[in-house]
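In each ligand, atom 1 is the first atom listed, and ligand 1 is the first ligand listed.
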Amino acid sequence: MKGENKKLRPATALPANQDLPMTADAILRDFSHYFGRMLGRRTVSAEAPFLYQAVVYAARDRLMERWGKTRDSIEAKKNRHVSYLSLEFLMGRLLRNALLNLGIEEETTEALNRIGLDLEDVYEREKDTGLGNGGLGRLAACFLDSCATLALPVMGYGIRYQYGMFHQRIENGQQVEYPDSWLREGFPWEIERIEYTQTVRFGGRSNTYTDIDGTTRYQWVDTHDVLAIPFDIPIPGYKNDIVNTLRLWSASATDGFDLEEFNAGSYADAVASKNAAENITMVLYPNAETENGQELRLRQQYFLASASLQDTIRYWVSQHGADFSEFAAMNCFQLNDTHPAVAVAELMRLLMDEYGLTWDAAWDITRSTMAYTNHTLLPEALELWPVSMFRRLLPRILDIIYEINTRFIAEISLRWPGDNSRIQRMSLVQEGSDPMLRMAYLAIVGSYSVNGVAALHSKLLREGLFSDFAEFWPEKFNNKTNGVTQRRWLAACNRELAKLISDKIGDDWTTDLSQLERLSDFADDARFQKQWRKVKLNNKTRLAANIEAITGLQVSTDTMFDVQVKRIHEYKRQLLNLLHAVHLYDRIRRGDGSDVEPRTIIIGGKAAPGYSMAKNIIKCINNVARVINSDPVMAGKLQLVFYPDYNVSAMELICPAADLSEQISTAGKEASGTGNMKFMMNGALTIGTLDGANVEIREAVGAENFFLFGLTVEQIEEMRGRYEPQAIIDADDDFKRVMNLLDSGHFNRFEPGLMDSITQAIREPADLWMTAADFREFVDAQVAAAAAYADTMRWTRMSILNTAASGQFSTDRTMRDYNDDIWHLEPVVLTKE
Ligand code: 26Q
């Protein structure tokens, strides 16, 4: 019998299962099977998670078939493919998107209706997968949707944090963080693939030895090893039967973990010490760009990089043996910011130490497979790691980075002999009493492509932050303007608008967003305008109900919904928005509000737990909101809402309901922004500075349909050193009154000093964000926006034109651009059985 078994080929596929029918009948049958037989439940109640889980399993079966076929087709063709390495994938909920992309939303609705259930309630039962902080993480999620839809063989690699982005509650106006235990009730989308477990090493020391050919080789010994266990999540393309993979790594202790360090008597302590290994993937860092340096964070980064690269190499060797001559032609690693940049050195290590390649061969491969995307212009946000920490945690990786640096400096010296200051500027090591590794420079030196995320951002990278590198390697630098997926951010989140659009121009826009242009023909069509307004009103009513449910506030849908939702950060200038709210309050209170257009100002976002200024801003917004909302004089004119626990699902409710989108960062600070695109697509108008992708949004929609204000990047730079905010305040009566109100304690009667930090920041000549400089133009732009809103026909026209012009902000376009210039992938063609 044993002999018989051995004759089986090790990887024989089972005969393909019959395709599951996509009918309501079949879905209901499978739902009942999972609910009753697998989950073992009898009575259906919408509150319990089981109902939702059984629906997921029924959908997942259908994904599973397509997943297998996609994998087979990729393997058969030996297609080139991309690994997208990211510490964050902010996926949000998955069910609605999966049903939409599978094309079975109606059938599933019907199936559940038959047993008296509502699919919308089931959707609401799903927790957000909050494995990201904000824009960068959500961008990765939109990329995955578009790659699957374009049939591009792209696999996401990330970390399966046990705790995702914290939940925010507002207690006494202050942010309080609560853990996000999103896995507690189980996560039915994932498949644990223990067969692809990898081992990641930490600590120990680097050793040299001479091999049989007399070559000096390196060994990393006495390490503390941690297992990386992959969990796969299916990523369906839109109605194309493609299912790609998001692979998330979870840390687990090896059986021998630290056992040797304990004597026999403390066996229980030794087993308990497994925690140290498993901590690596315990929690997502909710940091602001500028907080750096936690050792556990470095462990996470290396853990992701090493496990993912080993996984790719394992697959390569299974297909090609240990011949790496074609590896670079078939693989690309896209680094989502510098967070996984240690992959540059880890790939070198694996190729040299594990597979015996020479430095030059390994370096050729590394430099032609790694590509780096930068997401920030704030110089203080560039990642630096202490050399000392690397030496302790990743000694062999440090050797390799030093060697990369030595050779790189030799290259610079050849081009600019004797230019020592240039060498110091460009070195991967920032010298000092505590020398630091510059991860962005490692990423640039080790990559064949470096891109920014909006035209302005990429230009500023070349001219500023990375100018030395752009001078050395101009051909590496390029731009890839961000986008968002219209499947989630229009088709799924705004079904009523989606239907109105499809009724007018057909539904090709779901995979070709440029089709939306055709809406501009109807911008002045009175009947269409009326329908357009009706949809917006319904969405506002839906959001108003949600706001009332979570805050108790009743907001009036007869007002302009003026929205700013995003992480709280000084550069995003929620404070400028607050100053405007106080200004409107002041006008109305003084009886000067007869021409103030009624508004509901909605602000939402989380502050990094250690970012005290951001937390103060939240507290101040809440204090001002309480005064405004309880003043009867404001009734019907002005409301201010702080929307708590802002996340992906909240945005799905918020962006369809917004009239005005606040994109008011200090010019030159917001790399791109992507919320701006979601709002535009859903017919909101933008009030914004010339920053990030706002520049391209304004070009696309036309200056007359965009409320521009504020200093340009050049003017901001020009003003530094001679900025006098107090003089600006003194010269502006409106501004003076706003500051007087804030100073007077009007918003903090029983909390003396509360407003001091923000009023000081505004008056600070060294204020990096120059909030005061843009106050007057911002207020004037708001007046222009209010006037436009008061003219219903004009506003509706502008709203339609914004949606119509949003075509280029689809991640389908972004992914085509990445593919044309960086990846060069062939779309997967599904092979017939
Ligand atoms: C840093 C140190 C330690 C731990 C975490 C971090 C960390 C985490 C997240 C640093 C940065 C981030 C996220 C950055 C981010 O979201 N950037 C945004 O990326 C978007 C997509 O390109 C842009 O649209 C935004 O402009 C940019 O701010």
Under 3.5 Å, is there a donor-acceptor pair between the side chain of R201 and the main chain of H224? no
Atoms of ligand 1 under 4.0 Å from any heavy atom of Y571, numbered from 1 in the order shown, are 28 (O)
So, D337 side chain and H375 main chain: donor-acceptor pair closer than 3.5 Å or not? yes
So is G673 in contact with ligand 1, going by heavy-atom distances below 4.0 Å? yes
Atom indices of ligand 1, in the order listed, that fall short of 4.0 Å to a heavy atom of V453: 22 (O)
Mark yes or no: K606 above the aromatic ring of F166, with NZ or CZ under 6.0 Å from the six-membered ring centre and no more than 45 degrees from the axis. yes
Any nitrogen or oxygen of L136, side chain or backbone, less than 3.5 Å from one on ligand 1? yes
Quick one: does any side-chain atom of H824 pair with a main-chain N or O of D820 as donor and acceptor, under 3.5 Å? yes
Is D645 reaching over with its side chain to a backbone N or O of Q168, donor-acceptor style, under 3.5 angstrom? yes
Using distance alone, determine whether N482 and ligand 1 share an N or O pair under 3.5 Å. yes
Ligand 1 to Y285 polar contact by distance, N or O atoms, under 3.5 Å: no
One residue to check: H375. Relative to ligand 1, which of side chain, backbone, both or neither has a non-hydrogen atom less than 4.0 Å away? both
Atoms in ligand 1 with a heavy atom of N133 nearer than 4.0 Å: 8 (C), 9 (C)
Within 4.0 Å of some non-hydrogen atom of N287, the atoms of ligand 1 are 3 (C), 4 (C), 5 (C)
Check each of D821, D817, T373 against K480 using the side-chain hydrogen bond (donor to acceptor under 3.5 Å, both in side chains) test, and report the only one that passes. D821
Do the numbers put R247 on top of the ring of F231, so that NZ or CZ is under 6.0 Å from the six-membered ring centre and no more than 45° off the axis? no
Which of these, R138, R297, K480, has its nearest heavy atom closest to atom 5 (C) of ligand 1? R297
Check whether any heavy atom of H339 sits under 4.0 Å from an atom of ligand 1. yes
Kindly give the heavy-atom pair with the smallest separation between S86 and L136, and that separation in Å. OG-CD2, 4.5 Å
Is there a nitrogen or oxygen of A671 sitting under 3.5 Å from a nitrogen or oxygen of ligand 1? yes
Flag S672 as yes when one of its N or O atoms lies below 3.5 Å from any N or O atom of ligand 1, and as no otherwise. yes
Measure from NZ or CZ of K678 to the centre of the six-membered ring of W489, then state whether that distance is under 6.0 Å and the direction lies within 45° of the axis. yes
Within the structure, does E670 bring an N/O atom to less than 3.5 angstrom of an N/O atom in ligand 1? yes
Atoms of ligand 1 less than 4.0 Å from E88 heavy atoms? 8 (C), 9 (C)
Where's the contact between R567 and ligand 1, heavy-atom distance under 4.0 Å: side chain, backbone, both or neither? neither
Answer yes or no: is there a donor N or O on one side and an acceptor on the other, between the side chain of R573 and the main chain of I664, under 3.5 Å? yes
